[in-house]
> 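Here it is, the structure in full.
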There are 2 protein chains.
Amino acid sequence: MKTEQAMASFAALSQPTRLAAFKLLVRHEPEGLPAGEIATLLDIPHNTLSAHLSVLARAELVLSQRQSRSIIYRANLDAIQAVIQFLVNDCCVADSVTCTPLESTRSFCQPQQKKPENL
Amino acid sequence: MKTEQAMASFAALSQPTRLAAFKLLVRHEPEGLPAGEIATLLDIPHNTLSAHLSVLARAELVLSQRQSRSIIYRANLDAIQAVIQFLVNDCCVADSVTCTPLESTRSFCQPQQKKPENL
DNA sequence: TTGATATGTCCATATTATTGGAAATATAGA
DNA sequence: TCTATATTTCCAATAATATGGACATATCAA
């Protein structure tokens with residue numbers, strides 16, 4: 001993962017509404033949630049949420065797909081896994097520190113059930 | 001780890017100079033580096049760095065200790081480990097996702113040699 | 001006590017982020 | 001087509017953050 005993308009992810013997750021939205025979407029994997037329902041559940045105006053979702057999307061932490069009139073947002077678990085790997089490999093590896101090899105971080109977030117094909 | 005502290009950590013790491021400073025300190029574990037040397041190595045004014053180090057310190061990502069005229073900064077590996085755990089447990093755990101249990105993340109950043117007593 | 005060194009604090013400026021009203025765009029159904 | 005619904009974009013006000021010059025504080029050595 002590039003440093004720029006890691007920083008974009010950190011910036012995205014450093015804002016309360018965005019962190020709440022992301023966690024909400026993680027809890028609603030793999031179906032996702034329409035933007036309007038996220039706004040309702042978090043009790044914030046739809047246009048404010050839209051701005052926050054676009055920040056999350058730019059950081060690639062969420063994916064979206066239009067479904068009829070709604071736009072369904074989903075957490076990008078691969079991306080958050082990459083952020084975790086970045087922290088382990090780029091921020092956590094000191095001369096005097098043993099880290100588990102890169103491969104073993106891959107086991108962190110493995111979907112149990114197949115993701116739907118339509119995203 | 002509290003959500004507030006996790007967000008403070010994300011905010012701290014989302015700024016290029018601060019991320020560079022933190023990574024530099026990780027690479028210089030466990031001796032740490034004086035503030036002035038960090039400023040020199042990153043080529044930024046000492047007062048600008050001082051402001052950034054105080055953000056990292058407020059997020060508890062770095063620890064400091066005065067040593068004569070210098071103030072030695074060190075990366076707080078326990079804190080970055082806690083951030084990783086936060087991501088795994090709070091952001092990565094969806095209904096359909098298996099994560100390795102909390103304990104196994106502890107093995108990530110284990111110092112090989114004893115830390116010096118004076119911090 | 002004086003001078004040099006190391007770092008932090010104060011402050012003003014510049015930049016970026018957040019917020020939400022109003023209008024625009026996209027879709028669906030009658 | 002017209003209307004309702006879902007979401008985004010535009011825009012302007014406000015708030016937060018970043019930057020670095022000037023000054024303050026802390027330490028040491030002579």
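Hydrogens, waters and symmetry mates play no part in the numbers below; they use all other heavy atoms, side chains included. Computed from a predicted structure; not experimentally measured. Protein chains get the first letters and strands the later ones, always in sequence-line order, with residue 1 at the start of each.
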> Rounded to whole Å, how long is the line connecting atom CD of B:Q65 with atom P of D:dT27?
13 Å
> Please work out which residues in residues 2-15 of chain B have a non-hydrogen atom less than 4.0 Å from an atom of DNA chain D and list them by number.
B:Q15
> Nearest whole angstrom, please: distance from the C1' of D:dT8 to the CG of A:L56.
16 Å
> Without decimals, in angstroms, what is the distance between A:Y73 OH and D:dT7 P?
9 Å
> Measure from CD1 on B:I72 to P on D:dA26 and round the result to the nearest Å.
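These atoms are roughly 18 Å apart.
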> Taking the side chain as everything from C-beta on, heavy atoms only, tell me whether B:Y73 gets closer than 4.5 Å to B:F22.
no
> Side-chain N or O of B:R69 versus OP1/OP2 of D:dA29: is the shortest distance under 4.0 Å?
no
> Which nucleotide wins on minimum distance to the side chain of A:A35, given the candidates D:dA26, D:dA18, D:dT7?
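Nearest to the side chain of A:A35 among the choices is D:dT7.
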> For residues B:S64 and B:R74, determine if any side-chain heavy atom of one lies less than 4.5 Å from a side-chain heavy atom of the other.
no
> Between P on D:dG21 and NE2 on B:H46, what's the gap in Å once rounded to a whole number?
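Spelled out: NE2 on B:H46 to P on D:dG21 is 10 Å.
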> Separation of B:L42 atom CG from D:dT19 atom P, in whole Å?
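The answer, rounded to whole Å, is 12 Å.
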> Is any side-chain nitrogen or oxygen of A:S50 closer than 4.0 Å to OP1 or OP2 of D:dT8?
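Yes, because at least one side-chain N or O of A:S50 sits under 4.0 Å from OP1 or OP2 of D:dT8.
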> Main chain of B:Q5, side chain of B:S9: is a donor-acceptor contact present, judged purely on distance under 3.5 Å?
yes
> So, for B:S14 and A:M7, which heavy atoms are closest and what is the spacing to 0.1 Å?
CB-O, 3.7 Å
> Shoot me the first and last contacting nucleotide of DNA chain C against chain B, ordered 5' to 3', at under 4.0 angstrom to non-hydrogen atoms.
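Contacts span C:dA4 to C:dT9, reading 5' to 3'.
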> Could you tell me how far apart B:N47 (CG) and D:dT19 (C1') are, to the nearest whole angstrom?
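Spelled out: CG on B:N47 to C1' on D:dT19 is 8 Å.
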> Looking only at atom types and distance, does a side-chain atom of A:N76 sit under 3.5 Å from a main-chain N or O of A:L63, one as donor and one as acceptor?
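No, A:N76 side chain to A:L63 backbone: no donor-acceptor pair under 3.5 Å.
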> Under 4.0 Å between any heavy atoms, over every strand shown, what does B:T48 touch: base, sugar-phosphate, or nothing? Just pick one.
base
> Between B:R18 and B:A12 (side chain of the first, backbone of the second, donor and acceptor by atom type, cut-off under 3.5 Å), is there such a pair?
yes
> Reading DNA chain C from 5' onward, which residue's closest nucleotide shows up sooner: B:L49 or A:V55?
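Upstream on the strand: B:L49.
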> Within the distance-only criterion (no hydrogens, no angle test), does the side chain of B:T40 pair as donor or acceptor with the backbone N or O of B:G36 below 3.5 angstrom?
yes
> Taking the side chain as C-beta and beyond, is there a heavy-atom pair between B:L33 and B:I72 under 4.5 Å?
no
> So, the side chain of A:S50 versus the backbone of A:H46: is there a donor-acceptor pair under 3.5 Å, distance only?
no
> Rounded to whole Å, how long is the line connecting atom CZ of B:R66 with atom P of D:dT25?
13 Å
